[in-house]
Protein chains: 2
Amino acid sequence: MARTSGTGSGAKVPDLPTPPWRRGRTRPVRQPLSQSSIVAAALRVLDAGGLDSVSMRRVADELNTGPASLYVHVSSKEELLELVLDHVLGAVTMPEPDPENWRDQVKDVALRFRAVLASHHDLGRASLAAIPTGPNALLISEGLLAIMRSGGVSEQACAWVLDVLQLYISADVYETALYLSRAEHGEDPSAMAQQYLGEVISALPQDRFPTLTALMPHMVAGNREARFEFGLDIFVQGLAATQQP
Amino acid sequence: MARTSGTGSGAKVPDLPTPPWRRGRTRPVRQPLSQSSIVAAALRVLDAGGLDSVSMRRVADELNTGPASLYVHVSSKEELLELVLDHVLGAVTMPEPDPENWRDQVKDVALRFRAVLASHHDLGRASLAAIPTGPNALLISEGLLAIMRSGGVSEQACAWVLDVLQLYISADVYETALYLSRAEHGEDPSAMAQQYLGEVISALPQDRFPTLTALMPHMVAGNREARFEFGLDIFVQGLAATQQP
DNA sequence: ACCTGAACACCGTTCAAGT
DNA sequence: ACCTGAACACCGTTCAAGT
């Protein structure tokens, strides 16, 4: 299963010199539409302007055509986003399961999963919306299950925890993306969100919110990635507690 | 801080009989617009047709006015949804912290939090999008922090875990809501999603997906709520492991 | 101050007509 | 078979004009 990305210009016939009487009169090259070229165009729009800017019209524009043309290769915007998501997930590679290190391996995959989603602006929002049944998503599921099972996690726990883990990753990226889209261009969005939260808590009456105000310094400590990793630790710790001896 | 819902018809003056020459000529009663009446209307639209059907136009329609009129009391659709969310969260009551039972209390609050969001169709999608800074959301945060701290969870862990927990709850409701919106009216959406997943996994080549195919029976076992509770257990278990003696 | 009609600049999707 | 112009039925938000 070679992964060729499809957008390459593979000519079937070696290039011959064009006869002079045809030169300059050929139509501009328009590769025919295809699912993969549409996915590539959607990814370009996504990376340039975020998920909100991905509309069928904009993607069609990127391909110099109208929105109706996309529906020949893609049944809906929803399907298109699922295809983009799975394409991107191809970048998450899986390690060989090492029973001694299953905890670190799970954490490592989760962190890289998150990083890949986050690297494409706010694709995390699409990730949460999709049931992950694309080929690349399935490879990640297979890999995670193999790692956990090799570590002795019970089969039922492996199966159910997979959902939880994917939910946690997607949700975190989704929220990160939201902060990002709210922040002015150039600011650190999660720092801003934390500053805002700090202001809200400071303004609270201490008698009705004693714990929240007391813990405020801890609430705003650390950056988003540190918090995500903390959640992962809690999670893997709890999972280890279900291990069969 | 009395919580009066605002939609009640509180007349300032006792009702006097209407003089006959005015009877039938009064304009139809139109309470003036207010933030709370708009929130109530939005909630009605939400419960009737789901989050996707909540548009400024539909809400305005519900109030017999045009969309522009809403912007006097609400700055954007986003703010409106945040107000609706916090209004609904008022139904989540908090128990008095019991140090002996902090684990069960956390689980209990999380389950009720989830139930309240789920009971309003797919409001969970809005919950994930909002930074929870409404008054009712803050009361839930305060309550959860108090419970965990009384149980001896470290202050840093309390503060950070709050985010993780809210993320997990919102994400689960969000996904539930998505399945719900995809299912035909009347079907069990999560059962459908699981059946679909089962079909996908069954069709997979066993040599490349050995673990996924082997664990398939466990993947499709249990309903959505059981899975959610399982995740909660893992989570509370992991949190207990960070406890200071 | 509060409300609103009309408009602006968009959406996703369908469909008949073209090549 | 594949593509597309035009249309359908919507959006959120703004703004000048009204009361």
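To find a chain, count down the sequence lines: A is the first, B the second, and so on, and within it residues start at 1. Here the structure is a predicted model, which is why all the values come from computation and not from measurement.
- For A:Asp52 and C:dG12, the CG to C1' distance is 15 Å, given to the nearest whole Å.
- Regarding B:Gln35, its CD atom lies at a distance of 16 Å from the C1' atom of C:dA1, rounded to whole Å.
- With hydrogens and angles left out, the side-chain atoms of A:His120 and A:Asp47 include a donor and acceptor closer than 3.5 Å.
- The aromatic rings of B:Tyr174 and A:Tyr174 sit perpendicular to each other, their planes meeting at more than 60°, with 30° as the lower class boundary.
- Computed from coordinates, the A:Leu33 CG to D:dA1 C1' distance equals 13 Å when rounded to whole Å.
- Using a 4.0 Å cut-off between charged nitrogen and carboxylate oxygen, B:Arg227 and B:Asp172 do not count as a salt-bridge pair.
- With B:Glu62 contributing its side chain and B:Ala41 its backbone, the two residues share no donor-acceptor pair below 3.5 Å.
- A residue-by-residue look at A:His73 and B:Arg58 shows that A:His73 has its nearest nucleotide of DNA chain D further toward the 5' end.
- Distance, A:Asn64 CG to D:dG5 C1': 16 Å, rounded to whole Å.
- If you take CD1 of B:Ile38 and C1' of C:dC3, they are 11 Å apart, rounded to a whole angstrom.
- Across A:Ile201 and A:Met216, no two heavy atoms sit closer than the pair CG2-CG, 3.3 Å.
- Helical stems of DNA chain C (runs of at least 3 Watson-Crick or G-U pairs, donor-acceptor distances under 3.5 Å) are listed by first residue: C:4-8 with D:12-16, C:12-16 with D:4-8.
- Rounding to the nearest 0.5 angstrom, the gap separating the CD atom in A:Glu79 from the CD1 atom in A:Ile38 is 10.0 Å.
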Can you give one letter per nucleotide of nucleotides 13-19 of chain D, 5' to 3': B if a protein heavy atom sits under 4.0 Å from the base, S if only from the sugar-phosphate, - if neither?
-> BBB----
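- Across the protein-nucleic acid pair, B:Leu51 atom CG and D:dC11 atom P stand 13 Å apart, rounded to whole Å.
- The CG atom of B:Leu70 sits 11 Å away from the C1' atom of C:dC3 (whole-angstrom rounding).
- For the 3.5 Å distance criterion, the side chains of B:Ser141 and B:Gln166 qualify, holding a donor opposite an acceptor.
- D:dA9 sits 13 Å from C:dC10 when the C1' atoms are compared, rounded to a whole Å.
- Using a 4.0 Å cut-off between charged side-chain N and carboxylate O, A:Glu142 and B:Arg208 make no salt bridge.
- Using a 4.0 Å heavy-atom cutoff across all strands shown, B:Ser55 reaches sugar-phosphate atoms only and no base atom.
- The backbone N or O of A:Leu167 lies less than 3.5 Å from no partner atom in the side chain of A:Ser170, so there is not a single donor-acceptor pair.
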